[in-house]
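Working notes for the structure below.
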Amino acid sequence: MGFTSSNQHLLSKIATSLGHGEESPYFDGWKAYDKDPFNPTQNPNGVIQMGLAENPLCFDLIQEWIKKNPKASICTAEGVDEFKDIAIFQDYHGLPEFRNAVAKFMGRARGGRVTFDPDRIVMSGGATGANELIAFCLADPGDAFLVPSPYYPAFDRDLKWRTGVQLVPVPCHSSNDFKITKAALETAYEKAQEANIKVKGLIITNPSNPLGTILDRETLRTLVSFINEKNIHLICDEIYAATVFTDSNFVSIAEILSEDIACNRDLIHIVYSLSKDMGLPGFRVGIVYSYNDEVVNSGRKMSSYGLVSTQTQHLIASMLLDEEFTERFIIESAKRLATRHGVFTRGLAKVNIDCLNSNAGLFCWMDLHRLLKESTVEAELALWRLIIHEVKLNVSPGSSFHCSEPGWFRVCFANMDEETMEVALQRIHTFVHQKETVVPTKNKKLWRSNLRTLSFSSRRLGLDEVALMSPHSPIPHSPLLHART
């Protein structure tokens, strides 16, 4: 029997708090999708999931590898001889071959320009667990981290909810493509100091979620200089490192540390996972890589609460140690992401919708400010509700990412098959045309009429765009089971 609201006093303050963020628009979009999920045949007028940053575009390569390497799994006739050694208790350090494999893959995903020490790898249950683990290691309740905004909405859950840590947004602006500046960092830091908030570190995502952009070498050097001056930590979330699909000049913070730069390396930490680069969020493989020995030791103790199963470690180790496979996977994934991104952004451009110029990630940062009635968060959320409930697309409003400018939306393009993306683009085209030409009071009725006509038998995209679509993107079989990211 579940607890009723009258029994909430029996639970802890953490359990009954709103720290999870489930009531935010970001998660409300998920609820709308869960209630009415799109299906091409069973529910063609349902909500299309465009709020899920997931990467299944190369699942065929992984499935092919598994079929060729049945011994990698202890649940096959070929691999069952390893069952006892894998199934028995393992300590929280992780299987040596797993840590070695992840370290090698991290290097390969960064172009082979840096190497990683397997003994500095601390495992956790996905990036969510890794972010919370590093927050527990570095900060006490009430302490704060600076976070350039817009930033991933679930950071408010991952880093704050159970740790009691605060996040201080560092507003970035479209006037310079939302780039991080030292002036903005200094301003945020000084305001926190004036409010008697102890700043323990700076958190960045590189490549950025939600922007899909990468930080250049000079910016990273500036960030290292800033945290070194303030004697605070730098946490680099690099979980999208291998999703860079054009101009593959991604620079990891590890590369900066390999330069002759004045820096206390004990202040630098990397969060990584296989959820985005490999498209395996369900495997819950999260990593904290720290240059601080005490963080590694303390993190390993804390990781007892969120270990990766040894069965998963065993399979992942076999896969990632196959260098021929990983090289092919990274190259092919970049090609398919570039194709998908190109088709989607060109489709938006047909109705004059611009996106921030990006070359990484599984999403676009879409500019809809011209469709707002006024430049306010309230107007943005009104437009978002219309898109969710009438256009039937789950996109995420910029305000849920703490964006300082109304009218920006994150829209994911890699988690669906090509036909579903086509339907999504058709819906966007119809909506924009009606929004700009039809009297507002008639929009709702006319939109619902037109929505019923948008199915896979509708007008297809131009032949030049169809030719650019990847033929390998699988259809998600059970969208309600996907990890929410």
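These numbers come from the heavy atoms of this one structure, side chains and all, not from hydrogens, waters or symmetry mates. Residue numbers run from 1 in the order of the sequence given.
Counted by atom type alone, Asn292 and Arg265 present zero donor-acceptor pairs between their side chains at under 3.5 Å. Inspection of the Thr312 and Ser309 side chains reveals an N or O donor paired with an N or O acceptor under 3.5 Å. In summary, the side chains of Trp65 and Asp322 do present a donor paired with an acceptor at a separation below 3.5 Å, with no hydrogens or angles considered. No hydrogens or angles considered: nothing links the side chains of His341 and Asn359 as a donor-acceptor pair under 3.5 Å. Side chains of Ser225 and Asn228: a donor-acceptor N/O pair is absent below 3.5 angstrom, by distance only. At a cut-off of 3.5 Å, with distance as the only test, no side-chain donor of Ser208 or Asn206 sits close to an acceptor on the other residue.
Each ring pair (Phe, Tyr, Trp, His ring centres under 6.0 Å) pair with one or both residues in residues 252-297, not counting sequence neighbours, appears once here: Phe116-Tyr289, His233-His269, Tyr289-Tyr291.
In this structure, the side chain to side chain contact (heavy atoms under 4.5 Å, CB included) partners of Ser298, at least two apart in sequence or on a different chain, are Cys137. The side chain to side chain donor-acceptor pair (under 3.5 Å) check on Gln313 picks up nothing, with sequence neighbours excluded. For Asp177, the side chain to side chain donor-acceptor pair (under 3.5 Å) criterion is met by no residue, not counting sequence neighbours. Taking the salt bridge (Lys or Arg N to Asp or Glu O under 4.0 Å) definition, one finds that Arg300 meets it with nothing, sequence neighbours left out. Legend: residues meeting side chain to side chain contact (heavy atoms under 4.5 Å, CB included) with Ser399, ordered by chain and number and at least two apart, are Val377, Glu380, Leu381, Pro397. By the side chain to side chain contact (heavy atoms under 4.5 Å, CB included) test, Ala338 is found to be paired with Phe245, Thr246, residues two or more places apart in sequence or in another chain being considered. Among residues two or more places apart in sequence or in another chain, the side chain to side chain donor-acceptor pair (under 3.5 Å) test is passed with Ser149 by none. Evaluation of the ring-ring contact (aromatic ring centres under 6.0 Å, His included) rule for Phe105 yields no partner, not counting sequence neighbours. Remark: Lys67 engages no residue in a salt bridge (Lys or Arg N to Asp or Glu O under 4.0 Å) (not counting sequence neighbours). Applying the side chain to side chain contact (heavy atoms under 4.5 Å, CB included) criterion to Asp143, with sequence neighbours excluded, gives Ala139, Asp140, Lys198, Lys200. Listed by chain and residue number, Trp161 satisfy the side chain to side chain donor-acceptor pair (under 3.5 Å) test with Ser17 (two or more places apart in sequence, or in another chain).
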Are Lys31 and Asp34 close enough, and set up right, to give a salt bridge (Lys or Arg N to Asp or Glu O under 4.0 Å), and what steps lead you there?
CA-CA 5 Å; Lys31 296 171 188 175; Asp34 284 353; over 6 Å; no
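Side-chain contact check for Ile232 versus Leu267: every heavy-atom pair is 4.5 Å or farther apart.
Centroid-to-centroid, the aromatic rings of Tyr240 and Phe363 come within less than 6.0 Å.
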